[in-house]
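Here's the structure, in structure tokens; my notes come after.
Since the structure is predicted, the reported quantities are computational estimates derived from the model, not experimental observations. In the text below, chain A, chain B and the rest are named by the order of the sequence lines, each starting its count at 1.
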There are 2 protein chains.
Amino acid sequence: MIERDNPLEGYLAKIESRRPLSQDARDAFLALPVEPEHYDIYREIVREDDRTSRCCLIIQGCVSRFKTLPNGERQINSFHFDNDMVDLQSALLLVSDHGIRTHSPTTVLRIDCNAVLQLTIDQPEWAHAFWFDTLVDAAVFREWMLNVGRRVAVGRVGHLILEIFHKLSRIGRTEGYKFVMPITQNDLADAVGLSAVHTNRSLQQLREHGMISSIGRTFSIDDFEAMKRLSSFDPAYLHPAGPRVVNPECS
Amino acid sequence: MIERDNPLEGYLAKIESRRPLSQDARDAFLALPVEPEHYDIYREIVREDDRTSRCCLIIQGCVSRFKTLPNGERQINSFHFDNDMVDLQSALLLVSDHGIRTHSPTTVLRIDCNAVLQLTIDQPEWAHAFWFDTLVDAAVFREWMLNVGRRVAVGRVGHLILEIFHKLSRIGRTEGYKFVMPITQNDLADAVGLSAVHTNRSLQQLREHGMISSIGRTFSIDDFEAMKRLSSFDPAYLHPAGPRVVNPECS
DNA sequence: TGAAGTTCGCAACCTTTGTTGGATTCAAAC
DNA sequence: GTTTGAATCCAACAAAGGTTGCGAACTTCA
């Protein structure tokens with residue numbers, strides 16, 4: 001009864017690339033009731049302090065999670081692209097402590113949280129899959145905290161560019177070392193804890209040192225190794241290898 | 001067969017204060033094999049890049065999670081106290097992307113990750129409990145990212161003091177608005193993305209404004225409301241209310 | 001093709017935070 | 001007590017980053 005082009009299949013493939021699932025688990029997931037929604041650029045999918053009861057899975061596009069101060073200053077916590085499950089936390093947490101906003105026209109799938117929770121009870125494999133996703137999110141937050149708290153401006157911007165490049169390359173949105181940057185300098189600034197002007201200065205510096213170049217929104221990473229060194233970027237924090245397996249042969 | 005003074009009982013009580021467990025789930029948890037260990041102040045329990053296979057539960061003391069830059073600069077990601085399960089992430093992630101270090105003499109319980117994972121398979125209640133813990137961790141990371149990225153120095157320090165006060169009060173380590181600060185100014189600085197000198201300046205400012213006072217390590221919060229306003233502290237991000245329940249009456 | 005709205009680039013000036021070096025207090029050990 | 005080392009405090013100066021304002025370039029859409 002599963003149709004061929006179930007929009008959940010992209011996420012399923014991503015999960016299974018980390019560890020294959022049983023047929024039961026696969027079917028149970030694909031049977032989740034979903035509601036597709038389309039948002040224009042700069043729409044708030046989830047407002048801060050919302051009591052939401054639906055997770056959302058990005059089919060295609062780009063969103064950020066963010067928090068704001070009473071004076072209006074905004075800190076972006078993470079960016080998410082195709083096949084990212086964004087609001088998993090609303091499955092268990094009652095109130096959302098942050099907002100979610102699009103940075104380009106974006107198609108998302110809304111999934112009821114109770115259905116997600118029930119899935120984790122019926123299929124423990126999914127409990128692990130979602131928990132793993134949450135752990136990776138947390139790892140990225142820690143790295144960003146280091147970025148914003150301790151790296152110098154140019155290192156911060158370099159680090160973010162490499163992370164975005166890394167994420168885009170996994171969903172086929174890069175060509176060699178070229179990609180179109182889906183985020184404005186203003187929003188990069190909000191992610192990196194700098195003013196927009198200083199973010200621009202930092203980009204200039206990266207260009208001067210021959211590390212990147214750009215034509216319009218199309219960026220090119222010209223000296224990947226220098227970028228990595230400058231921003232001490234190590235993709236390990238993105239945990240690309242997938243989860244530990246239960247009772248592995250090694251101690 | 002469960003002894004009266006099982007050291008796991010503190011954490012169990014904390015979990016059950018959020019939502020009661022079934023007797024089976026309770027017993028299975030208390031039956032986990034554990035190894036108590038004691039550490040002096042400033043010992044590394046987990047090194048960065050370690051491949052660890054044991055979670056640790058703090059029985060009594062204070063630890064931080066942190067990351068360091070190649071140049072030695074350190075960013076503390078979170079502080080943890082009695083009855084916090086600290087390295088839950090090692091249950092699923094293969095390599096630790098951060099270190100864990102004591103800030104006072106600390107007793108921890110080491111629990112094998114495979115045993116933890118098995119528990120989540122046998123008792124789905126525990127899968128939710130641990131997932132919830134991870135989600136709260138992530139929420140705290142987001143708030144700290146906002147702190148470090150966007151708040152002014154004095155607000156950052158104020159916010160951290162309120163969080164520590166809040167956490168200590170939940171484990172009975174406060175008296176009214178007084179508590180002994182378990183962390184040096186140097187380490188507060190590492191948590192807040194400032195230099196130690198500027199952290200000290202910020203503490204002076206809080207004193208000048210009559211918001212806090214201290215004798216030795218004993219701090220007193222003298223104007224709680226002003227502190228909250230100054231640092232836009234709202235304990236909601238600590239999610240004290242516990243998890244959402246499955247299939248609740250409300251839609 | 002042209003107009004409006006974004007986004008980007010840049011210079012001058014200002015504010016915050018970092019650095020250095022040293023004095024003082026505090027706590028534990030002798 | 002005295003000593004020792006850590007933690008705290010403080011002032012002067014340096015550096016990094018923020019702010020403002022404006023103009024150029026690029027998109028989008030009519």
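A side-chain hydrogen bond (donor to acceptor under 3.5 Å, both in side chains) with A:Thr68 is found for exactly one of A:Arg74, A:Gln75, A:His98, A:Glu48, namely A:Glu48.
Applying the side-chain hydrogen bond (donor to acceptor under 3.5 Å, both in side chains) test to residues at least two apart or on different chains, the pairs with a partner in residues 221-231 of chain B are B:Ser213-B:Asp222, B:Ser220-B:Asp222. Screening residues 57-77 of chain A for ring-ring contact (aromatic ring centres under 6.0 Å, His included) gives no qualifying pairs among residues at least two apart or on separate chains.
With sequence neighbours left out, the side chain to side chain donor-acceptor pair (under 3.5 Å) criterion links B:Arg151 to B:Glu143, B:Asn147, B:His159, B:Ser232. Not a single ring pair (Phe, Tyr, Trp, His ring centres under 6.0 Å) links B:Tyr39 to another residue, sequence neighbours left out. Under the rule for a salt bridge (Lys or Arg N to Asp or Glu O under 4.0 Å), the partners of B:Arg142 that lie at least two apart in sequence or sit in another chain are A:Asp97. For A:Arg110, the salt bridge (Lys or Arg N to Asp or Glu O under 4.0 Å) test picks out A:Glu37, with sequence neighbours left out.
One can place CG of A:Asn186 at 19 Å from P of D:dC26, the figure rounded to the nearest angstrom.
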At under 4.0 Å between heavy atoms, how does the protein contact nucleotides 9-16 of chain D? Give one character per nucleotide, 5' to 3', with B, S or -. BBBB----
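No side-chain donor-acceptor contact under 3.5 Å links A:Thr134 and A:Asp137. Checking A:Ser64 against A:His103 by side-chain atom types alone, a donor-acceptor pair falls below 3.5 Å.
Comparing A:Gly216 and A:Arg150 by the nucleotide of DNA chain C whose heavy atom lies nearest to each, the residue mapping closer to the 5' end is A:Gly216. The residue among A:Ile215 and A:Gly193 whose nearest nucleotide of DNA chain D lies closer to the 5′ end is A:Gly193.
Near-neighbour residues of DNA chain C inside residues 155-163 of chain A, defined by a heavy atom below 4.0 Å, are absent. Near DNA chain D, defined here as any heavy-atom distance below 4.0 Å, there are no residues from residues 173-182 of chain A.
Summary for the helix from C:dT1-D:dA30 to C:dC30-D:dG1: the axes at its two ends, each from 5 pairs, differ by 50° when rounded to the nearest 10 degrees.
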Pairs under 3.5 angstrom only: tabulate donor-acceptor contacts from the side chains of residues 172-180 of chain B to other protein residues two or more places apart or in another chain.
residue	atom	partner	partner atom	Å
B:Arg173	NH2	B:Gly61	O	2.8
B:Arg173	NH2	B:Asp82	OD1	2.8

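In 5' to 3' order, the nucleotides of DNA chain C bounding all contacts with chain B (an atom under 4.0 Å from a heavy atom) are C:dT17 to C:dT20.
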